[in-house]
Amino acid sequence: MKFWSRYFIPTLKESPSDAEIASHRLLIRAGLVRKLGGGLYTYLPLGHRVMQKISRICREEMERAGAIELSMPHIHPAELWADGPRWGPVREIMFRADSAGDGKRGPREPEFVLGPTHEEVITPLIKSEITSYRDLPKSFFQIGTKFRNEIRPRYGLMRAREFVMMDAYSFDADDEGAVRSYLAMKGAYEAFFKRIGTQAISVEADTGVMGGSFSHEFMVPADVGDNDLYYNEESGYAANREKARSALVPEGLADTAPLGALEEFPTPGIVTIAALEAPPYGVPADGQFKTLVMMGDGRPFAVVLRGCDELEEAKLGSLGFNLVRPATPEEIEPVMGAKPGSLGTVRGTIRDLPKLAGIFADHAIRLVGNGTTGANRDGFHIRNVNVARDLEVTKFGDFRRVKAGEPDPLGGRPLMVKRGIEVGHIFKLGTKYSERIDAGYTDDKKERHLFIMGCYGIGISRTLQAVIEQSHDADGIIWPWAIAPFQVLVCLLDPQDTEATLIAARLAAAAGRGGADVLVDDRAERPGVKFKDADLIGIPLRITVGGRGIKEGVVELKWRGAKESLKIALNESEATVEAVVREKA
RNA sequence: CGGGGUGUAGCUUAGCCUGGUAGAGCGCCUGGUUUGGGACCAGGAGGUCGCAGGUUCGAAUCCUGUCGCCCCGACCA
């Protein structure tokens, strides 16, 4: 039990100007955190308590799923990362952790870095400690601070430079085992989010820089999220934007339109899809072919889409390039023969076809019959273009960004879209890390195999903020019971009054017996201030003890989300409070 | 890193265009009156106007540079 007057909850009437979104403002106004610098936050007592509660629940669910807790260093020798597969992409977000030195030495390679994640630490560890199939499978986890020098920290704890994460790693002897471990973790995640009172959706996700064979993200739906979720509740399909597919194009669809004769025509100054749609041309966007030239590991390649579709760059990952970027006009013209705006892939029109590392076409272009595309000659397009007859294509694939309302790939029902905050991510890694350092075990036939790994993360501090984003109103936070910093707030309106103080103490004790963490607002403030603060910090159950109620012989119980309060007779109040709390806890 | 914005008291900000005494609200301190949804009255403390240089008799204000922070984009738990 804590007394507000002796505790530390610095609430703010106004929010600092640098807080943009509701959850960020509330974090600060409710006295949960204070900023030290960009992406760096102090957890004040209230915020710290919530972090502890989220961590504890996370720990319990991970252990229930069979994972074993350990703790790895935050400072890593730089050699651990140097020359690794992720050194390039990861390097720029890593903090170096060398001695600050005397300021005279010039730049040099870092000796130590602050750990952004721990695959690189745990894989060598397990390599040397586990050598037999008898010791598999094993899953480990830790809950601790991670350091990433984010290019742009944002939205308070949402994207911070230093943040708290639960990270887990699984080691299995074979693929079936690895899938079991993966599913166990997925189950633990689902249980975790359910217990903390948060709706989190798991969606198919891209593996990105992490690599691996498949993965799911756990998303908390929120308008301020930085990823789009495409889903249909009936069919159960859910994927993020990078991964989302649709059943727009029937399998094996061939050219259908009556084939017209190819015809080049002048289009002076026309370099956009929209301009070709307008009079006098009037070619609808879905009747155009859009040709994009990208650079993959330094080699140009082309991507062909319908004019009405957008490229989803993440989907180019399947092409096997390490680094992909749009090509510059200077890189494009010598290869294609024209500047962007007049590009196309009609056979025979590409100036230097052998230079291209490939022409990759989205399946959806099959829907275009007698279409129009660039002639690879500035100021000219070609009409009556048909895919099978006319287009140069190395390979078809799924490269377009899905749109809301398209049929989902499982049941053909319309896809819905929501914004979401990524709070967890699980990866089936396969052997990507174990192979690099030859980490494996010996089986019962004395044969050596690589560990099949998985890795898993939950952003604990991000989850804290995502919960607020999902659960608040105009007055403040509405904490789910399980992670509220205190579950019960005894609001003592007349701390000078001995009788009221005594009643408040008894009720606080009763709530404590029921299993709640109790905060007593014993400050010498006016009732209005106390009520506003109570709503702001979002304690689920408020018990009001005041002179007015005592005269009537009642105290009031009010749930944070509810409109009305309940009056309870004084002589039954202790038993009632204890019972109510026990039921929740 | 590219684009945009912004720095004035603990917080929110006015003043800047058109140079001349730095102002308000909230919060804080003292006294009084109040006391069930952010009270009122009186008094008070608190500001190197982000930093450095320049122009000027004179700079919060104009110019140059620099740093911090915020927003949009790429990246991530």
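Per chain, numbering begins at 1; letters A, B, ... match sequence-line order. Because the structure is a prediction, the values reported are computed rather than measured.
Side-chain N/O atoms of A:R159 include none lying less than 4.0 angstrom from OP1 or OP2 on B:C76. Contact annotation: A:Y155 reaches the phosphate of B:C72 (side-chain N/O to OP1 or OP2, under 4.0 Å). Contact between the side-chain N/O atoms of A:R548 and the OP1/OP2 oxygens of B:U35 is not found at any separation under 4.0 Å.
You can call A:F163 stacked on the base of B:A77; the centres are under 5.5 Å apart and the planes sit within 30°.
A:L493 comes within 4.0 angstrom of a nucleotide base, judged by non-hydrogen atoms across all strands. Looking at heavy-atom distances under 4.0 Å, A:Y189 makes no contact with the nucleic acid at all. Within 4.0 Å (heavy atoms only), A:D167 reaches no atom of the nucleic acid at all. Counting non-hydrogen atoms under 4.0 angstrom, A:E313 reaches nothing in the nucleic acid. Using a 4.0 Å heavy-atom distance criterion, A:V529 is classed as a base contact. At the heavy-atom level, A:G38 lies under 4.0 Å from the strands shown only through sugar-phosphate atoms. In this structure, A:A466 reaches neither bases nor backbone, as no heavy-atom distance under 4.0 Å exists between it and the strands shown. Within 4.0 Å (heavy atoms only), A:T463 reaches no atom of the nucleic acid at all. Residue A:D494 is classed as having no contact, given no heavy-atom separation below 4.0 Å to the nucleic acid. When heavy atoms are screened at a 4.0 angstrom cut-off, A:K146 is found touching no nucleic acid atom at all.
B:C76 and B:A39 have their P atoms separated by 48 Å, with the value rounded to a whole Å. One C1' atom belongs to B:U56, the other to B:C71, and the distance between them is 36 Å to the nearest Å. To the nearest whole angstrom, the two P atoms, one in B:C69 and one in B:A24, are 31 Å apart. Between B:G50 and B:G73, the distance separating the two C1' atoms is 27 Å to the nearest Å. The separation of B:G65 from B:A9, taken at their P atoms, amounts to 25 Å, rounded to a whole angstrom. Taking the P atom of each, B:C51 and B:C67 are spaced 16 Å apart, rounded to whole Å. Across the P atoms, B:U33 and B:G23 are found 33 Å apart, a figure rounded to whole Å. For the C1' atoms, the distance linking B:A59 with B:G4 amounts to 27 Å, nearest Å.
Across the interface with RNA chain B, nearest-nucleotide mapping of A:M165 and A:S17 shows A:S17 to be the residue nearer the 5′ end. Take the nearest nucleotide of RNA chain B for A:E20 and for A:G459: the residue whose nucleotide is more 5' is A:E20.
Distance from the side chain of A:D533 is smallest to B:G38 among B:G38, B:U35, B:C11. Between B:G38, B:C70, B:A77, one nucleotide has an atom nearer to the side chain of A:E150 than all others, and that is B:A77. Of the listed nucleotides (B:G37, B:A77, B:U34), B:A77 has the atom at the smallest distance from the side chain of A:F427. Listed nucleotides: B:U34, B:A77, B:G36. Nearest to the side chain of A:F531: B:G36. Set against B:C71, B:C69, B:G37, the side chain of A:R154 has B:C71 as its closest nucleotide. For A:E422, taking side-chain heavy atoms from C-beta onward, the closest of the listed nucleotides B:A77, B:C70, B:G36 is B:A77. Checking B:G38, B:C70, B:A74 against the side-chain heavy atoms of A:R152 singles out B:A74 as nearest. When distances are taken from the side chain of A:K13 to each of B:C70, B:G73, B:G38, the shortest belongs to B:G38. Nearest to the side-chain atoms of A:D535 among the listed nucleotides B:C72, B:G37, B:G38 stands B:G37.
One can place CG of A:D18 at 6 Å from P of B:C70, the figure rounded to the nearest angstrom. Taking atom CD of residue A:E525 and atom C1' of nucleotide B:G27, one finds them 11 Å apart after rounding to whole Å. Rounded to whole Å, atom P of B:C76 lies 10 Å from atom CG of A:N227. Across the protein-nucleic acid pair, A:L489 atom CG and B:G37 atom C1' stand 14 Å apart, rounded to whole Å. Rounded to an integer number of Å, the gap from A:R34 CZ to B:G10 C1' is 10 Å. Spacing between atom CZ of A:R523 and atom P of B:C28 amounts to 10 Å, rounded to whole angstrom units. One can place CD1 of A:I21 at 15 Å from C1' of B:C72, the figure rounded to the nearest angstrom. Distance A:R25 CZ to B:C71 P: 12 Å, rounded to the nearest Å.
Using modelled atom types, one side-chain atom of A:Q465 and one backbone atom of A:Y155 make a donor-acceptor pair closer than 3.5 Å.
B:G73: Watson-Crick or G-U partner is B:C1, with both key distances under 3.5 Å. With both pairing distances under 3.5 Å, B:A59 is matched to nothing as a Watson-Crick or G-U wobble pair. In this structure, B:C40 and B:G32 make a Watson-Crick or G-U wobble pair, each of the two defining distances being under 3.5 angstrom. Remark: B:A52 base-pairs with B:U64. Criterion, Watson-Crick or G-U wobble with two distances under 3.5 Å. Across all strands shown, B:A24 forms a Watson-Crick or G-U wobble pair with B:U12, both key distances being under 3.5 Å.
Atom CD of A:E564 sits in a sparse spot, with 12 or fewer heavy atoms from other residues, nucleotides or ligands closer than 6.0 Å. Few gaps surround CD1 on A:I68; more than 12 heavy atoms of other groups in view lie less than 6.0 Å from it. Within a 6.0 Å sphere centred on CZ of A:R506, other residues, nucleotides and ligands contribute 12 heavy atoms or fewer. Counting heavy atoms of neighbouring residues, nucleotides and ligands inside a 6.0 Å radius, atom NZ of A:K339 does not exceed 12 of them. Environment of CD in A:E310: sparse, with no more than 12 heavy atoms of neighbouring residues, nucleotides or ligands closer than 6.0 Å.
In this structure, A:H425 and A:F427 have parallel ring planes: the angle between them is below the 30° cut-off, well short of the 60° mark.
Evaluation of atom-type donor-acceptor distances gives no pair under 3.5 Å for the side chain of A:E14 against the base of B:G27. With hydrogens and angles left out, the side chain of A:R29 and the base of B:G38 share a donor-acceptor pair within 3.5 Å.
Listed by chain and number, the residues in a salt bridge (Lys or Arg N to Asp or Glu O under 4.0 Å) with A:K315 are A:D398 (sequence neighbours excluded).
Taking the six-membered ring wherever Trp is involved, the centroid distance between the rings of A:F214 and A:Y182 falls below 6.0 Å.
Sorted by first and then second residue, the ring pair (Phe, Tyr, Trp, His ring centres under 6.0 Å) pairs with a member in residues 5-38 of chain A read A:Y7-A:F486; sequence neighbours excluded.
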